[in-house]
Every structure is written in C-alpha cells, then in structure tokens.
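Take a look at the structure set out below.
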Amino acid sequence: MIIAIDGPAASGKGTLARRVADAMDYAYLDTGLLYRATGAKVLASNADPEDETAAVGAAKNLSADDLQGEELRSEEVGTAASKVAAIPRVREVLLDFQRSLATTPPGGKHGAVLDGRDIGTVVCPEAPIKFYLTASVEERANRRFKQLQEKNPAAIYERVLKELEERDARDSARDVAPLTMAKDAIHIDTDRLNANAVFDAVMAHIRTHMGEDD
Ligand code: DC
C-alpha cells in the first residue's frame with residue numbers, strides 16, 4: 001500500500017504524513033528532505049544551487065547522515081532545495097530511492113506514506129490513495145511564522161510570506177514534475193481545519209478505501 005501526500009510548502013503535509021504512517025504502522029519518507037539535503041550540501045560547498053554540476057554531484061553523494069539535522073529545516077535551505085529541485089537530472093538521481101522505498105518499505109512494513117510535490121503524479125502515480133493538501137499562502141505563512149517565532153522572536157511575517165510565494169512560484173512553474181494535483185487525488189483545503197481535523201478526514205478516507213478493498 002502506498003499513500004501519497006502532496007502539497008505546497010508549509011501546507012502541513014509533513015506532520016500529517018508522519019501521523020498517518022504511525023497510525024497505519026507504515027514506513028514514512030519526507031521526500032522534501034532529499035532535496036533539502038542536496039541543497040544544503042551545495043550551499044556547504046559554496047556553490048550555487050542552480051549550478052547543475054554541483055547539484056547533481058551533491059544528490060549522487062547523499063548519505064544517511066546528510067538527512068539529519070535541524071538546519072535542514074531553515075528557510076535558506078528550503079529555498080536552495082526548491083532551486084536544486086528544478087534541475088531535471090537532480091530529480092532523476094533521487095527518483096530510484098523514493099520509488100524503491102515506496103514499493104519495498106524497510107522493516108517489513110506493509111506500506112509506505114510519502115509526502116512531497118510529485119508523489120501522486122511522478123514518483124508513485126500508481127498509488128491507490130492520494131491526497132493533495134492546500135491552504136492559502138497567507139494561512140501557510142501565518143503557521144510558518146508562528147513556528148519560527150517560537151525559536152526566533154525577531155522573525156518577520158512579510159519575509160516568510162514573500163519566501164513562500166517565491167517557493168510556490170518556483171515549485172509550480174518548473175518544467176519537470178511541477179507541483180500539481182494528480183487527477184485521482186483527494187483535495188483537502190486546510191484553511192479552516194486544524195491538524196487534528198485534517199488527520200481525521202484523511203484517516204476516514206483511508207479506512208473507506210481499505211474497507212472497499214476487502
Ligand atoms: O516539502 P519541503 O518544503 O521540505 O520541500 C523542499 C523543496 O524541495 C520544495 O520547495 C520543492 C522540493 N521538492 C520537490 O521538488 N519534490 C518533492 N517531492 C519534494 C520536495
């Protein structure tokens with residue numbers, strides 16, 4: 001069983017996907033982390049995230065250690081991730097790992113939950129259950145801003161909003177695997193839903209689907 005959860009930056013898909021994976025006892029892969037780790041590796045070598053040779057080299061050399069660390073969550077790394085993610089060869093390099101985790105989940109698990117931008121459209125188009133989460137950019141900026149403020153009281157809302165708008169534009173406008181909803185995905189607009197309500201709605205869909213399969 002593969003469950004695909006796609007959506008724009010800060011749509012809450014990561015928290016949701018982790019909870020769904022726990023509830024189902026499935027493996028979980030945050031595919032954004034692969035692009036973030038690639039972007040961070042490029043930045044660490046003082047190269048430009050839009051430099052194809054540097055970005056492809058970083059993607060090819062990712063190790064498990066590269067996927068650890070709080071700094072991967074920074075807005076700077078998020079922007080670099082979005083830039084390396086627009087390079088077709090980088091996506092190609094990272095595709096096999098994502099697909100093999102989805103089809104052969106580690107630890108003998110019976111399924112996997114993957115979240116990202118192109119899981120339902122490119123990585124696992126055959127996934128039987130797909131969700132597409134959205135929320136207005138203002139609402140997403142609000143949520144991200146509140147998280148940031150807990151760590152850094154000097155965080156600025158307008159800056160968070162601008163960064164998200166730029167990232168949305170880049171992730172949606174790129175030629176290869178742009179952010180878009182798969183035709184067979186269930187769309188959930190989270191503007192007026194809290195995380196628990198989204199989780200309950202998603203689990204209800206999953207249970208219905210599994211019941212139909214019996
Ligand atoms: O989900 P995230 O914010 O951690 O993702 C960081 C960037 O990685 C995002 O701006 C675009 C890219 N990404 C992608 O292109 N495809 C994915 N499946 C996941 C992330």
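Note on Arg144 versus Glu75: salt bridge recorded, some NZ/NE/NH1/NH2 to OD/OE distance being below 4.0 Å. Ion pair Glu70/Arg73 not flagged as a salt bridge, since none of the NZ, NE, NH1 or NH2 atoms sits closer than 4.0 Å to an Asp/Glu carboxylate oxygen. The pair Glu158-Lys162 fails the salt-bridge criterion, with no side-chain N (NZ, NE, NH1 or NH2) lying under 4.0 Å from an Asp/Glu carboxylate O. A salt bridge does not link Arg117 with Asp6: none of the charged nitrogens is closer than 4.0 Å to a carboxylate oxygen.
Thr31 OG1 to Asp118 CG: the interatomic distance, rounded to the nearest 0.5 Å, is 6.5 Å.
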Quick one: side chains of residues 12-22, donor-acceptor pairs under 3.5 Å with protein atoms, not counting sequence neighbours, listed by atom name and distance.
| from | atom 1 | to | atom 2 | distance (Å) |
| --- | --- | --- | --- | --- |
| Arg19 | NH1 | Asn196 | OD1 | 2.9 |
| Arg19 | NH2 | Asn196 | OD1 | 3.2 |

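Judged purely by distance below 3.5 Å, without hydrogens or angles, the side chains of Ser11 and Arg143 never pair a donor atom with an acceptor atom. Looking at Asn142 and Tyr157, their side chains never bring a donor and an acceptor atom within 3.5 Å of each other. In this structure, a donor-acceptor pair under 3.5 Å is absent between the side chains of Arg167 and Ser82.
For the pair Glu163/Glu76, no side-chain contact is recorded, criterion being any heavy-atom separation below 4.5 Å from C-beta on. Counting heavy atoms from C-beta outward, Val77 and Glu71 have side chains that stay 4.5 Å or more apart. The closest side-chain heavy-atom distance from Leu101 to Pro106 is below 4.5 Å. Between Met24 and Val113, the closest side-chain pair of non-hydrogen atoms is not below 4.5 Å.
Proximity of a side-chain donor or acceptor of Ser136 to a complementary backbone N or O of Glu139 within less than 3.5 Å is detected.
Residues Leu43 and Ala80 come closest through the heavy atom pair CD1-CB, 3.8 Å. Here the closest non-hydrogen pair linking Leu114 and Val123 is CD2-CG1, 4.3 Å. In terms of heavy atoms, Ala59 sits closest to Thr38 at N-CG2, 3.7 Å. Minimum heavy-atom separation, Ala102 to Ile2: O-CG1, 3.7 Å. Contact between Ala58 and Val42 at its shortest, heavy atoms only, is CB-CG2, 3.8 Å. The heavy-atom pair separating Asp66 from Ala37 by the smallest distance is O-CB, 3.4 Å.
Clustering of Ile, Leu, Val, Met, Phe, Trp and Tyr side chains at separations under 4.5 Å places Leu179 together with Tyr132, Met181.
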Decide yes or no on side chain to side chain contact (heavy atoms under 4.5 Å, CB included) for Met1 and Ile129, but give the supporting numbers first.
CA-CA 8 Å; Met1 170 56 70; Ile129 310 183; 4.0 Å; yes

Verdict with supporting geometry, Ile119 and Asp115, side chain to side chain contact (heavy atoms under 4.5 Å, CB included)
CA-CA 7 Å; Ile119 309 304; Asp115 81 65; 5.7 Å; no

Walk me through whether Ile206 and Met203 qualify under side chain to side chain contact (heavy atoms under 4.5 Å, CB included).
CA-CA 5 Å; Ile206 294 172; Met203 289 306 294; 4.1 Å; yes

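The same ILVMFWY cluster, assembled from side-chain heavy atoms under 4.5 Å apart, contains both Leu72 and Leu94. Residues Tyr35 and Ile5 do not share a hydrophobic cluster, defined by chaining ILVMFWY side chains whose heavy atoms lie under 4.5 Å apart.
Within a 6.0 Å sphere centred on CG of Asp175, other residues, nucleotides and ligands contribute 12 heavy atoms or fewer. By the 6.0 Å contact criterion, CD on Glu138 is enclosed, its count of non-hydrogen atoms from other residues, nucleotides or ligands being greater than 12.
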